[in-house]
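Labels below follow one simple rule: chain letters A, B, ... track the order of the sequence lines, proteins then strands, and each chain is numbered from 1. The structure displayed is predicted, hence computed values, not measured ones.
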There are 2 protein chains.
Amino acid sequence: MRGGTKLNEESEQWEYESPCHYRRALEVVSSKWTVLVFYELESGTKRYGDLKRSIEGVTQKMLTQTLRQLERDGLVDRRVYPSVPPTVEYSLTPLGETLIEPMRILHKWTDAHYDSVLQARREYDRDHS
Amino acid sequence: MRGGTKLNEESEQWEYESPCHYRRALEVVSSKWTVLVFYELESGTKRYGDLKRSIEGVTQKMLTQTLRQLERDGLVDRRVYPSVPPTVEYSLTPLGETLIEPMRILHKWTDAHYDSVLQARREYDRDHS
DNA sequence: CTGCATCCTGCTAGATACTG
DNA sequence: CAGTATCTAGCAGGATGCAG
């Protein structure tokens, strides 16, 4: 994620247009917080506050923004219970669940190779200092 | 990708530290241009100018930055031939090649489900206008 | 509890000009 | 050809305060 990802809209020009898939292969999931929210929701429905607590370091602004994004993309379901105080539950939609497997695979890659990446960085930094 | 991704360093605090893998599952590949460069290099060694031409819309600054990043992470090999004018070739390293499969899977997901995402967006925008 | 509105700052990425 | 250097606008994201 390299520091963070913009969550704003892509340019209008592409918003609703056809493929160009390579360009957007990651567009849906490639935010720092998106991955984490996804990981939390894999294990089932969660309330806003739960997510806020589980995801260390997320601000409420970013969490809300991320959830809205995912909801808009049809990956996450937002259910509001008109109680007092309000209760809001988030869960993966069926479409969202189709993303679990690809995410897991990427995750596995990280587990397997992240150390190599770190070492490559150290060497690079050493040689280019 | 949602508009773009920062290519700067993650915070120093994490730079060389241990796992926390979920947090960085996508950190290595989650830049708009990274995916595209990767896709270009899958088919073999390419020169800087080739990449520049193939990847529509990339500025030379971003291309260079992305390539440096990938090189630093040990995913891409940069080979300079001391000719005049200079020739620089880029290719995937063995480590880089291990990422091809995960990327392909994500790519497949996009092919299969991107239309659903677009439609979800349209509906969301319609209902929340 | 679950947000939205606002202000503010730093950083990103584009544009432009220059070089070995 | 393959970059580096500099300037700048715009936006992302944190902090704070308020609300249903």
Contact class for A:Y90 (heavy atom, under 4.0 Å): base, sugar-phosphate, or nothing?
sugar-phosphate

By side-chain contact (heavy atoms from CB on, under 4.5 Å) - contacts of [X] (at least two apart):
X: A:K61; answer: A:T59, A:Q65
X: B:V84; answer: none
X: A:V88; answer: A:R78, A:V80, A:Y90
X: B:S43; answer: B:K46

Whole Å only: how far is the [atom1] atom of [X] from the [atom2] atom of [N]?
X: B:E89; N: D:dC1; atom1: CD; atom2: P; answer: 15 Å
X: B:K52; N: C:dG14; atom1: NZ; atom2: C1'; answer: 12 Å
X: B:Q65; N: C:dG14; atom1: CD; atom2: C1'; answer: 11 Å
X: A:L67; N: C:dG3; atom1: CG; atom2: C1'; answer: 11 Å
X: B:I55; N: D:dA2; atom1: CD1; atom2: P; answer: 13 Å
X: B:E71; N: D:dA2; atom1: CD; atom2: P; answer: 15 Å
X: B:L63; N: C:dG14; atom1: CG; atom2: P; answer: 12 Å

Counting only Watson-Crick and G-U wobble pairs with both atom distances below 3.5 Å, the stems of 3 or more consecutive pairs that include DNA chain D are C:1-20 with D:1-20

Counting only side-chain N and O atoms of [X], is one of them less than 4.0 Å from OP1 or OP2 of [N]?
X: A:R47; N: C:dT2; value: yes
X: A:R78; N: C:dG3; value: yes
X: A:R68; N: C:dG3; value: yes

Suppose we screen for side chain to side chain donor-acceptor pair (under 3.5 Å). Which residues come up paired with B:T93, at least two apart in sequence or across chains?
none

Rounded to the nearest 0.5 Å, what separates atom NZ in A:K52 from atom OG1 in A:T64?
9.0 Å

Tell me, do A:I55 and A:E40 make a side-chain contact under 4.5 Å, heavy atoms counted?
yes

Taking only distance into account, with no hydrogens and no angle test, what donor-acceptor pairs under 3.5 Å do side-chain atoms of residues 97-106 of chain B form with protein atoms, sequence neighbours excluded?
from	atom 1	to	atom 2	distance (Å)
B:T98	OG1	A:W109	NE1	2.9
B:T98	OG1	B:L95	O	2.5
B:R104	NH1	B:E42	OE1	3.1

In 5'-to-3' order, the base (B), backbone-only (S) or no-contact (-) status of each nucleotide in nucleotides 15-20 of chain D, using a 4.0 angstrom heavy-atom cut-off, is BB---B

Pairs satisfying salt bridge (Lys or Arg N to Asp or Glu O under 4.0 Å), at least one member in residues 79-94 of chain A, at least two apart:
A:D77-A:R79

